[in-house]
Amino acid sequence: MVTSHRRFTGVFKRSNDSVRLIITTIMGMVFGYFIGISFPSVSLAKISFPSSIISSLDVAFNDDHQRLSGRSFPENLGSIPLTPKIYVPTNPRGAESLPPGIVVAESDFYLRRLWGEPSEDLRNKPKYLVTFTVGLDQKNNIDACVKKFSEDFQILLFHYDGRTSEWDQFEWSKRAVHISIRKQTKWWYAKRFLHPDVVAAYDYIFIWDEDLGVEHFNAEKYIQLVKKHGLEISQPGLEPNNGLTWQMTKRRGDREVHNFVEIMAPVFSREAWRCVWHLIQNDLVHGWGLDFALRRCVEPAHEKIGVVDSQWIVHQVIPSLGSQGSSENGKAPWEGVRVRCRNEWTMFQDRLANADKAYYAQNGKTRV
């Protein structure tokens, strides 16, 4: 009987201890709650922690919740704001985590100062971009060409001979943009430095050779005619009695405009260039065959591609780029360049035909 009584007493005592523990815990929680609401709220941003603790802290928002991340905060947590994590799928690729208001998706070749207010940098913003791929031997001809363009035209020189400082003898050269990589062609440069988002500030982009005579050319009048006829891809007419030219691009004296454009002196609208840039192949640098594919970038092509006959230039036929080639198997450098041009023509036409075939086969369509 004694043993039973002791067992009962022990069980009862343990039960009382458990009840007291539960009651004490509940009372502590209630007391803590009332103490908490009796004081103003304290922001973590106003609390300074020791650096040894702060270095291990990092907070970021994910939706409406806080979570740990991989960066460390400075000593004073209030010195930087907690940044919300943003995702905007309509932003440009790679910028989806940025707020749209800070995204700058396009650029230009406007020259900026290293001092002063940014808003005061530009006296004027050129509306058109003119590029020449040049060697120093043609400096006088390029000087004559550049002087045909007003301050509305930004000048960009691609130097294939690596000589840039000598151009400083021309006052306009100090305002031009110079890009120098040896032994490259204008289409190599165009693919790498004239991305549509980089030249988006310009209404028209001129991509010209260095051996063009411009005595009968007026840039402002040319732009007026291009706009008048709604040309998205154009070029000046070529003097029929000078130099080597396509029959299709020779100037016709009885009209302002006729159809076709080749790769010697093309001019592209901003919209047309966005398509043409994608058409340029990385390894086909001479551009042979490109002119026959330009019609794919505008619609209707017969209305939006044209030669401006009343503004014409002269092809001087100076084979300067050919001398940049390499002599192989006893052949002159220009011979190797010419063979490369012809090979590119074939490769480009084959690629275009194969791309067409694959697309229409995949989509079950017939090409029209």
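For this chain, numbers begin at 1 and follow the sequence in order. Keep in mind it's a predicted model, so treat the numbers as computed, not measured. Values reported hereafter were calculated over all heavy atoms of this structure, with side chains retained and with hydrogens, waters and symmetry mates removed.
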State, with a plain yes or no, whether a side-chain heavy atom of Arg175 is found less than 4.5 Å away from one of Ile155.
-> no

Polar side chain donor-acceptor pair, Glu210 to Tyr160, under 3.5 angstrom | yes

Around atom CD of Gln169, are there more than 12 heavy atoms of other residues, nucleotides or ligands at under 6.0 Å?
-> yes

Ala265: what forms a side chain to side chain contact (heavy atoms under 4.5 Å, CB included) with it, not counting sequence neighbours?
-> Trp208, Leu212, Pro236, Ile313

Disulfide (SG to SG under 2.5 Å) involving Cys341 - partner list, sequence neighbours excluded = none

Identify the residue among Tyr204, Tyr128, Phe268 that makes a ring-ring contact (aromatic ring centres under 6.0 Å, His included) with Trp273.
-> Phe268

Closest non-hydrogen atoms of Ile233 and Ala272, given as atom of the first, atom of the second and distance, are CG1-CB, 3.8 Å

What distance separates Asn282 CG from Arg192 CZ, expressed to the nearest 0.5 Å?
-> 5.0 Å

Polar side-chain atom of Trp312 near backbone of Val308 as donor-acceptor pair, under 3.5 Å | no

Heavy-atom side-chain proximity of Gln235 to Val267 below 4.5 angstrom = no

Between Ser173 and His178, a side-chain donor and acceptor under 3.5 Å = yes

Heavy-atom neighbours of Lys357 NZ exceed 12 at 6.0 Å = no

Would you sort out whether Gln311 and Lys221 count as a side-chain contact (heavy atoms from CB on, under 4.5 Å), showing the intermediate values?
-> CA-CA 8 Å; Gln311 290 292 316; Lys221 291 182 179 179; 3.8 Å; yes

ring-ring contact (aromatic ring centres under 6.0 Å, His included) involving Phe170 - partner list, sequence neighbours excluded = Trp172

Exam field: side chain Arg295 to backbone Glu299, donor-acceptor pair closer than 3.5 Å | no

Ring geometry between Tyr202 and Tyr110 (parallel below 30°, tilted from 30 to 60°, perpendicular above 60°) = perpendicular

Could you state the interatomic distance from NZ (Lys148) to OG (Ser150), rounded to the nearest 0.5 Å?
-> 12.5 Å

Is there side-chain contact between Ile142 and Leu157, with at least one heavy-atom pair below 4.5 Å?
-> yes

What heavy-atom pair brings Phe193 and Val198 nearest, and what distance separates the two atoms?
-> O-CG1, 4.0 Å

Can we say Asp283 and Arg351 salt-bridge, meaning some charged N sits less than 4.0 Å from an Asp/Glu carboxylate O?
-> yes

Quick one: do Phe158 and Thr131 satisfy side-chain contact (heavy atoms from CB on, under 4.5 Å)? Show the steps, please.
-> CA-CA 7 Å; Phe158 297 125; Thr131 76; 3.9 Å; yes

Verify, without hydrogens or angle tests, whether Thr185 (side chain) and Val285 (backbone) share a donor-acceptor contact under 3.5 angstrom.
-> yes

Arg270 atom CZ: more than 12 heavy-atom contacts under 6.0 Å = yes

Just by modelled atom types, is the Ile280 backbone N or O under 3.5 Å from a matching donor or acceptor in the Lys191 side chain?
-> yes

Got Asp143 and Lys139 here, is their nearest side-chain heavy-atom distance under 4.5 Å?
-> no

Indicate the atoms forming the closest heavy-atom contact of Asp291 with Val261, along with that distance.
-> CB-O, 3.3 Å

Among Ile, Leu, Val, Met, Phe, Trp and Tyr joined by side-chain contacts under 4.5 Å, find the other residues sharing a cluster with Ile86 and list them by chain and number.
-> Val88

Flag side-chain contact, heavy atom, 4.5 Å: Trp187 against Leu284 = no

Salt-bridge criterion met for Glu271 and Arg274 (N-O under 4.0 Å) | no

Which value, rounded to the nearest 0.5 Å, describes the distance between His229 atom NE2 and Glu303 atom CD?
-> 12.5 Å

Does any N or O in the side chain of Lys304 come within less than 3.5 Å of the main-chain N or O of Cys297, such that one atom is a donor and the other an acceptor?
-> no

Do you know the tightest heavy-atom contact between Asp211 and Val317?
-> OD2-N, 3.4 Å

Determine, for Asp152 against Lys125, whether the closest basic-nitrogen to carboxylate-oxygen distance falls under 4.0 angstrom.
-> no

Hey, what do you get for CG (Leu294) to CD1 (Ile263), rounding to the nearest 0.5 Å?
-> 9.0 Å

Looking only at heavy atoms, the pair that brings Phe153 and Pro126 closest together is C-CB, 4.0 Å

State whether the side chain of Tyr189 and the backbone N or O of His159 hold a donor-acceptor pair below 3.5 Å, judged by distance alone.
-> yes

In terms of side-chain heavy atoms, does Glu344 have a donor or acceptor partner in Trp288 at a distance below 3.5 Å?
-> no

Quick one: are Val314 and Leu238 in side-chain contact, heavy atoms under 4.5 Å?
-> no

Gap between atom NZ of Lys186 and atom OG1 of Thr133 - 0.5 Å precision = 6.5 Å

Would you mind listing every salt bridge (charged side-chain N to carboxylate O under 4.0 Å, His left out) that reaches into residues 92-112, with sequence neighbours excluded?
-> Arg112-Asp121

Which other residues belong to the hydrophobic cluster containing Leu114, where Ile, Leu, Val, Met, Phe, Trp and Tyr are joined when side-chain heavy atoms lie under 4.5 Å apart, directly or via other members?
-> Trp115

How long is the span from the CZ atom in Arg342 to the NE2 atom in His286, to the nearest 0.5 Å?
-> 12.0 Å

For Phe132 against Asp209, the heavy-atom pair lying closest together = CD2-O, 3.4 Å

